[in-house]
Amino acid sequence: MANEALHLILPTAEYRHEIAAYRQEFLDAGDSMDGTGPLRRMADPMEWLAATEACRHPETVPNGWVDATQFLCVREADKKVVGMIQVRHWLNAFLREYGGHIGYSVRPSERRKGYAGWMLNAVKPFCRSIGLGSILVTCLTDNEASRRTILKNGGVYDATVHEPMENEFIERYWIHLT
Ligand SMILES: CC(C)(COP(=O)(O)OP(=O)(O)OC[C@H]1O[C@@H](n2cnc3c(N)ncnc32)[C@H](O)[C@@H]1OP(=O)(O)O)[C@@H](O)C(=O)NCCC(=O)NCCS
């Protein structure tokens, strides 16, 4: 990814076609849309934009959800949305055990270019700005790409836990920000 400028930005309507294309690429690939909030079930990017904005604030986040900030990772050269990353502002019982503070994904056609590692590093100042001293990041035990992304961002292994609903084993890592 030498010389490739990337930016994390809040989602805007300017990117609606890119957001729809991002979603479609994951559907076509049958892949997991981590760190995109409700994108999988929202075919209309305008609906998703409204939902992510509502989720950002404790007053408007849907009942039972944790307020969270959604970012697009945009490549400067062609304005393509190459990744998405979401920061949950605090941990409820489920997130504290399994989900963690952060979710992320990179568009299938844009993988193995270092974008996930870049995104996780680039979101740290925002995490600090909302008062997080350490962030919990988790991955499935068979997700080598995500584990490497976490480790190269300073992730300290905490534990491997069993998530009974999906019957999955999840590795937990803490990244200390201070
Ligand atoms: C996980 C994911 C975000 C990685 O994105 P990416 O941009 O391809 O990752 P990077 O290029 O930054 O690579 C990160 C590390 O993983 C390694 N890696 C990437 N893809 C890999 C693969 N398929 N198998 C093994 N290692 C892989 C890279 O070599 C790199 O390691 P290194 O720095 O030690 O060389 C992407 O595969 C994805 O979106 N997956 C679906 C959603 C998901 O699993 N999100 C994470 C939920 S915890």
Side-chain angles (χ1 to χ4, degrees), residues 1-9 11 15 18-42 48 52 55 66 68-89 91-92 94-124 126-127 132 134-175:
M1 68 169 279
N3 300 322
E4 278 202 279
L6 302 173
H7 300 282
L8 287 188
I9 61 163
Y15 289 95
E18 274 297 308
I19 293 162
Y22 191 90
R23 175 178 181 273
Q24 193 57 50
E25 204 173 306
F26 278 78
L27 292 177
D28 292 346
D31 210 343
S32 179
M33 258 180 249
D34 295 284
T36 68
L39 185 61
R40 178 172 290 278
R41 59 184 168 83
M42 292 186 180
W48 181 77
T52 57
C55 283
V66 170
T69 298
Q70 177 72 54
F71 294 95
L72 306 179
C73 180
V74 176
R75 186 165 57 201
E76 189 172 295
D78 56 2
K79 297 276 189 284
K80 187 171 180 182
V81 173
V82 295
M84 294 202 195
I85 187 163
Q86 188 198 47
V87 179
R88 295 119 197 178
H89 300 174
L91 300 175
N92 64 11
F94 179 83
L95 295 175
R96 172 159 293 282
E97 193 65 16
Y98 308 116
H101 285 100
I102 312 273
Y104 49 83
S105 55
V106 167
R107 207 161 165 152
S109 59
E110 299 289 348
R111 291 195 182 153
R112 305 207 82 147
K113 297 180 179 178
Y115 290 167
W118 182 89
M119 287 197 302
L120 188 52
N121 187 50
V123 87
K124 289 174 185 171
F126 171 78
C127 295
L132 299 175
S134 299
I135 49 176
L136 179 66
V137 191
T138 67
C139 67
L140 294 177
T141 47
D142 62 0
N143 195 338
E144 178 69 17
S146 191
R147 179 188 306 109
R148 282 172 173 267
T149 300
I150 297 166
L151 288 174
K152 74 178 180 188
N153 271 284
V156 178
Y157 177 76
D158 176 76
T160 301
V161 292
H162 180 247
E163 197 280 289
M165 282 185 298
E166 301 287 335
N167 190 24
E168 291 170 336
F169 287 91
I170 293 175
E171 293 177 14
R172 297 158 41 89
Y173 293 85
W174 285 98
I175 297 176

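Just so you know, ligand 1 is whichever comes first in the structure, and atom 1 is the first atom listed for that ligand. Residues take their numbers from the sequence shown, with the count starting at 1.
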Just which atoms of ligand 1 are under 4.0 Å from any heavy atom in Lys113?
11 (O)

Give the residue, atom name and distance (to 0.1 Å) of the protein heavy atom nearest atom 25 (C) of ligand 1.
Glu144 CG, 3.5 Å

Between Val123 and the options Tyr104, Phe71, Trp118, the side chain to side chain contact (heavy atoms under 4.5 Å, CB included) test singles out Phe71

With a 4.0 Å cut-off on heavy atoms, is Thr138 in contact with ligand 1?
yes

Nearest protein heavy atom to atom 26 (N) of ligand 1, by residue and atom, and its distance?
Arg112 NH2, 3.6 Å

Of the side chain and backbone of Trp118, name the one, both, or neither that has a heavy atom under 4.0 Å from an atom of ligand 1.
neither

Atom 44 (O) of ligand 1: the protein heavy-atom neighbour that sits closest, reported with distance to 0.1 Å:
Asn143 ND2, 2.8 Å

For atom 19 (C) of ligand 1, find the nearest protein heavy atom and state the residue, atom name and distance (0.1 Å precision).
Ala145 CB, 3.5 Å

To the nearest 0.1 Å, how far is atom 31 (O) of ligand 1 from its closest protein heavy atom, and which atom is that?
Arg148 CD, 3.3 Å

The protein heavy atom nearest to atom 45 (N) of ligand 1 is Tyr104 O, 2.8 Å

With nothing but distance in play, are any N or O atoms of Thr149 less than 3.5 Å from an N or O of ligand 1?
no

Using a cut-off of 6.0 Å, state whether more than 12 heavy atoms not belonging to Arg40 lie near its atom CZ.
yes

Around atom 36 (C) of ligand 1, find the nearest protein heavy atom and jot down its residue, atom name and distance.
Arg111 NE, 3.4 Å

Any salt bridge between Glu110 and Arg75, counting N to O under 4.0 Å?
yes

Are the side chains of His162 and Asn167 in touch, meaning some heavy atoms are under 4.5 Å apart?
yes

In the protein, which heavy atom is nearest to atom 9 (O) of ligand 1, and how far is it?
Ala116 CB, 3.5 Å

Atom pair OH/OG1 of Tyr173 and Thr149 - distance to nearest 0.5 Å:
11.0 Å

Element-labelled atoms of ligand 1 that are located less than 4.0 Å from some non-hydrogen atom of Lys152:
33 (O)

A student checking ligand 1 against Gly117 at a 4.0 Å heavy-atom cut-off should list atoms 12 (O)

